[in-house]
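Below is one structure, written out as structure tokens; comments come after it.
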Amino acid sequence: MQRDGLTILISGAGIAGATLAALLGRAGYRVTVVERDQGTRTSGNPVDVRKGAYQVAEQLGVMSRLQDAATKVRELIFVDDAGRRVASLRTRQSDREVELPRADLSAILVEAGRGNAEFLFDEVITELHLDADGVDVIFDHSAPRRFDLVVGADGLHSGVRRLAFGSEADFAEHLGIYIATAKLGIPMERDDTVIMYNEPGKAVALHPGTGSVGSAGAAFMFRSRARIDHREPDAARLLLKQTYRGVGWRTQELLSAYLSTDDVYFDSVSRIRMSSWSRGRVTLLGDAASCVSLFGDGSSSAMEGAATLATSLSASPQDLTTALARYESAHRRVIRHRQHGVAIASHLLIPRSRLGITLRDRSLELVGRRWADRRRTN
């Protein structure tokens, strides 16, 4: 059944876009998704599905697939230069959450939507022409089409946001942190533990993957005042070399492996600030509207936002202005504290000084002892 004949274009088949496509398609809307990439990237941070996102996954009937693809990670341990454990942090707080590779989550969500939505890969929007009744869309390859609503779910560097709202520089605040990740063929002794080493302003981590023993991923997180465009791989590689020169533990081994791999992820940690996520019949979702997470919560926020948008549209299908306002008001309440939490997360994962590292380690050790004491008394 088609819901009121509304046609909806979603730009981006990532976590936010694929979730929205699956939800709207099943609700009877005519949904088209365009995605620039032809294949699925294997690099990128593992992500979490928790809280409201877990309920969305249950609603879509994909929880068993997510659990099959999940890592076994339960703990993050911090080590010194010799690899000795100095502190730890539990990463899983509940049985109703899973961590899995970002590419696996996206692929599962795309499959959940394929039966009820049209997916156009290797495609991108080049022009948007808005009027009171809809949006005329020009594509790079496909013939022009008209839609009742366009949703930009195309990430931090959103093309829809640029076309409908203006330059990224008007909305993006670089927070002075970069993240680089890659999947490497390096074995780990344990598949339930992430290992992280710190020096002032720098962190390097080994994260166990899924499947083969040698599927661990490396992550580099560091503070820098340099301004590097994510589309300039040579500049990114040079910055990594300069930043991690002489850093201890297994850093040189991991950096060499990263630099030898083509399938890598590199980008800044940036905060998107916008007074409104909608302009007429164009709205933004996920990182395109709001981002910042160093603990994988961005995926959960994206899924929750997609569900909120889908619910709002279903409640007011004939009044898109009201529906989009209701979606934005509700989801801003969800992501507000998560955006503010990036400062806490950055101090925890990337202390600025050796004193900061020491204080972090001692604080986590104290928290761990208290938690263990409670476990013994319960």
Side-chain angles (χ1 to χ4, degrees), residues 14-15 37 39-49 69-71 73 76-79 91 99-107 155-157 174-188 191 193-199 201-212 214-224 226 228-244 247 249-270 287 291-300 302 342 345-346 348-350:
I15 294 166
D37 291 335
T40 301
R41 181 185 296 274
T42 60
S43 58
N45 300 319
V47 295
D48 298 305
V49 177
T71 72
V73 170
L76 166 62
I77 68 169
F78 299 93
V79 299
T91 60
E99 180 198 73
L100 70 162
R102 181 185 298 272
D104 289 352
L105 176 56
S106 295
L156 170 62
H157 308 292
H174 177 40
L175 299 182
I177 299 173
Y178 287 95
I179 296 180
T181 63
K183 185 176 179 180
L184 307 176
I186 295 178
M188 294 184 67
D191 61 3
T193 302
V194 178
I195 305 172
M196 178 173 287
Y197 171 73
N198 286 101
E199 290 190 10
K202 308 175 185 69
V204 58
L206 261 177
H207 192 298
T210 56
S212 62
S215 64
F220 302 86
M221 295 178 285
F222 59 97
R223 300 179 184 274
S224 175
I228 301 296
D229 193 304
H230 70 288
R231 295 165 297 185
E232 299 177 351
D234 291 340
R237 290 161 62 91
L238 178 60
L239 181 60
L240 278 165
K241 290 178 182 178
Q242 293 171 339
T243 301
Y244 285 93
V247 174
W249 186 53
R250 299 176 61 181
T251 301
Q252 303 312 308
E253 168 199 0
L254 299 178
L255 181 60
S256 177
Y258 176 95
L259 295 174
S260 300
T261 303
D262 293 328
D263 186 6
V264 300
Y265 171 87
F266 178 92
D267 210 341
S268 65
V269 176
S270 298
D287 282 353
C291 67
V292 172
S293 172
L294 292 178
F295 279 111
D297 276 334
S299 56
S300 290
V342 69
S346 67
L348 179 65
L349 297 178
I350 322 168

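Nothing fancy with the numbering, it's 1 onward along the sequence.
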State the [atom1]-[atom2] distance between [X] and [Y], to the nearest 0.5 angstrom.
| X | Y | atom1 | atom2 | value |
| --- | --- | --- | --- | --- |
| T243 | L238 | OG1 | CG | 9.0 Å |
| L240 | L259 | CG | CG | 6.5 Å |
| F222 | N198 | CZ | CG | 14.0 Å |
| I77 | T193 | CD1 | OG1 | 6.0 Å |

Is [X] reaching over with its side chain to a backbone N or O of [Y], donor-acceptor style, under 3.5 angstrom?
| X | Y | result |
| --- | --- | --- |
| S256 | Q252 | no |
| Y178 | A226 | yes |
| S300 | D48 | yes |

How close do [X] and [Y] get, heavy atom to heavy atom, and via which atoms?
| X | Y | value |
| --- | --- | --- |
| A203 | M196 | CB-SD, 4.1 Å |
| I195 | V79 | CG2-CG1, 3.7 Å |
| H174 | V269 | ND1-O, 3.7 Å |
| Y265 | Y258 | O-OH, 3.4 Å |
| I350 | M221 | CD1-CB, 3.7 Å |
| D287 | L156 | CB-N, 3.7 Å |

Worksheet item: Residues in salt bridge (Lys or Arg N to Asp or Glu O under 4.0 Å) with R250, at least two apart?
Response: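 Salt bridge (Lys or Arg N to Asp or Glu O under 4.0 Å) check on R250 returns E253.
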Test side-chain hydrogen bond (donor to acceptor under 3.5 Å, both in side chains) applied to [X] - qualifying residues, sequence neighbours left out:
| X | result |
| --- | --- |
| H157 | E168, H230, D267 |
| R237 | none |
| T71 | E99 |
| S268 | S270 |

Taking side chain as C-beta onward, heavy atoms only, is [X] less than 4.5 Å from [Y]?
| X | Y | answer |
| --- | --- | --- |
| Y197 | L206 | no |
| T91 | V194 | no |
| S346 | I177 | yes |
| L76 | L349 | yes |
| I228 | F266 | yes |
| V73 | H207 | yes |

Item to complete: Assess whether side-chain contact (heavy atoms from CB on, under 4.5 Å) is satisfied between K202 and T251, documenting all intermediate values.
Response: CA-CA 11 Å; K202 308 175 185 69; T251 301; over 6 Å; no
Discussion item. So, using ring-ring contact (aromatic ring centres under 6.0 Å, His included) as the criterion, who are the partners of F78 when residues are at least two apart?
Written reply: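 Applying ring-ring contact (aromatic ring centres under 6.0 Å, His included) to F78 gives none.
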